[in-house]
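What follows is one structure encoded as structure tokens, with my remarks underneath.
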Amino acid sequence: MSDTPINLDDLRQRIDQLDGDILRMISERASCAQQVAHVKLAQDKDAVFYRPEREAQVLRRIMALNKGPLDSEEMARLFREIMSACLALEQPVKVAYLGPEGTFTQQAALKHFGESAVSLPMAAIDEVFREVEAGAVNYGVVPVENSTEGVVNHTLDTFMDSSIKICGEVVLRIHHHLLISETTRKDKVSRIYSHPQSFGQCRKWLDAHYPHAERVPVSSNAEAAKLVKTEWHSAAIAGDMAAKLYGLERIADKIEDRPDNSTRFLIIGNQDVPMSGEDKTSIVVAMRNQPGALHDLLEPFHRHKIDLTRIETRPSRTGVWNYVFFIDFKGHRDEPGVAAVLEEVRLRASELRVLGSYPQGVL
Ligand SMILES: O=C(O)C(=O)C[C@]1(C(=O)O)C=C[C@@H](O)C=C1
């Protein structure tokens, strides 16, 4: 190893050389992406540029190839941003999310699409769906379940009245902090603002540390952070993005009761996503109101050894939808085993809709 640089100047010279190489290669990659865009347009004038299955494959391959010293998730995040910039060269992707700015849903949108995506806050889940349906944006991001607080019913219900498809999922570790502004009197906090789900996720911590503070539920954590700016006796529970956006100080970090607290978000769009190799499928099924209906519904999954990852029941809102089940399972609708199960379920159900097959979340 006689040529190994040993002093600071040598090491920095080596880093400069490597940066030059990386720069050339990223530029070459970006040119390739531009050519991909031409090929796609030549095949179809309404070509879809964002390809979730391909992005998942690229990130999984990078993680498998990585030998360190950066860990695989970190490396995939870097490639996530490179791909995001390449896609923006092909066509900037517009994403609506459940706002306001600074919510965990915005964080999830950026985690999934990268910082080059244009993200637009919407006031409600239905609005995210509407914007996607109307074609005003390419995709939407909505929360669907939290590991501590359970399902986001409103998201599931909105699927019942919509023809929107699920194109992807992203899971975000949720860390809550107790935040105050420069005008807050730290020792006089008597009111805490947050989203009801976040109060649920921090219940034990709040009971132990602020048992007498009034808990005021608001429509989002970002809204809570905004309110704190104007009141000297208030604090908010929110995440990093909201803290940075409103310039708040954290007085207690990671106050969620469960360290593995995470939320799953869905990417919604108008596109059917091809197989990526590691996929999930989401369906909504209505069964007739008769004994054994749930058993009849689940039996084909068991027989074909299909791995169910979630099942939720929602009250139906029409005569036909007596029982409505939302089911997620591993596999893609184009795989023969999955196609066979879907066929059997279709015969037993009064209604079946495949909401989408999509790559399992990578990052
Ligand atoms: O492979 C493609 O279809 C591309 O457009 C290239 C690329 C990439 O940068 O690797 C960019 C955007 C797509 O979402 C997927 C991959």
Side-chain angles (χ1 to χ4, degrees), residues 19 21-66 70 72-97 105-120 128 131-132 135-142 164-172 265-282 332-334 355-363:
D19 284 349
D21 293 345
I22 295 170
L23 174 71
R24 266 189 301 284
M25 286 185 186
I26 292 178
S27 300
E28 204 177 316
R29 192 188 190 287
S31 302
C32 263
Q34 277 179 317
Q35 291 172 44
V36 168
H38 292 308
V39 173
K40 284 178 185 166
L41 274 175
Q43 285 171 351
D44 177 2
K45 70 173 176 38
D46 299 319
V48 178
F49 294 94
Y50 169 63
R51 301 291 169 94
E53 78 291 359
R54 173 66 184 153
E55 295 211 351
Q57 286 163 349
V58 169
L59 296 177
R60 285 182 200 138
R61 179 170 171 274
I62 291 297
M63 290 174 92
L65 283 175
N66 181 46
L70 288 180
S72 295
E73 281 221 0
E74 196 59 54
M75 192 58 98
R77 267 198 290 276
L78 294 173
F79 275 81
R80 158 72 285 149
E81 289 307 327
I82 293 174
M83 248 192 315
S84 177
C86 287
L87 176 61
L89 265 186
E90 293 186 39
Q91 186 198 52
V93 67
K94 259 203 222 164
V95 184
Y97 64 92
T105 315
Q106 184 182 25
Q107 208 175 317
L110 294 176
K111 181 179 178 189
H112 189 81
F113 288 98
E115 298 278 339
S116 301
V118 178
S119 59
L120 303 163
V128 178
E131 289 290 291
V132 177
V137 295
N138 307 101
Y139 301 95
V141 182
V142 287
I164 281 295
K165 294 167 185 168
I166 303 176
C167 304
E169 64 170 5
V170 54
V171 177
L172 198 68
F265 298 84
L266 294 176
I267 314 301
I268 56 172
N270 293 304
Q271 138 195 24
D272 282 320
V273 181
M275 264 192 266
S276 76
E278 277 175 63
D279 300 285
K280 261 187 190 173
T281 298
S282 298
H332 191 283
R333 66 196 297 180
D334 293 343
L355 299 176
S357 289
Y358 49 90
Q360 283 182 46
V362 181
L363 281 175

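Throughout, numbering of the chain's residues begins at 1 and tracks the sequence. Just so you know, ligand 1 is whichever comes first in the structure, and atom 1 is the first atom listed for that ligand.
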Which ligand 1 atoms are under 4.0 Å away from a heavy-atom of [X]?
{"X": "L87", "result": "12 (C)"}
{"X": "R51", "result": "3 (O), 13 (C), 14 (O)"}
{"X": "C86", "result": "9 (O)"}
{"X": "V36", "result": "2 (C), 3 (O), 4 (C), 5 (O)"}

What protein heavy atom sits nearest [atom], and how far off is it?
{"atom": "atom 9 (O) of ligand 1", "value": "R29 NH1, 2.8 Å"}
{"atom": "atom 1 (O) of ligand 1", "value": "R54 CG, 3.5 Å"}
{"atom": "atom 4 (C) of ligand 1", "value": "E90 OE2, 3.3 Å"}
{"atom": "atom 3 (O) of ligand 1", "value": "K40 NZ, 2.7 Å"}

- Message: Is the distance from the ring center of Y97 to that of F265 below 6.0 Å?
- Response: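 Ring centres of F265 and Y97 not closer than 6.0 Å.
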
Got a donor-acceptor contact below 3.5 angstrom from the [X] side chain to the [Y] backbone?
{"X": "S72", "Y": "N66", "answer": "no"}
{"X": "D21", "Y": "D19", "answer": "no"}
{"X": "E131", "Y": "A136", "answer": "no"}
{"X": "R80", "Y": "H112", "answer": "yes"}

- Query: Should the pair E28-R24 be classified as a salt bridge under the 4.0 Å nitrogen-to-oxygen rule?
  - Reply: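 Answer for the salt bridge query: no.
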
- Kindly identify the option in M83, Q91, E55 whose heavy atom sits closest to atom 12 (C) of ligand 1.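 Ranked by closest heavy atom to atom 12 (C) of ligand 1, first place is E55.
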
- Item | Residue pairs, two or more places apart or on separate chains, that pass ring pair (Phe, Tyr, Trp, His ring centres under 6.0 Å) and touch residues 23-49 | none

- Purely on distance, is any nitrogen or oxygen of Y50 under 3.5 Å from one on ligand 1?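 No; every N/O pair is 3.5 Å or more apart.
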
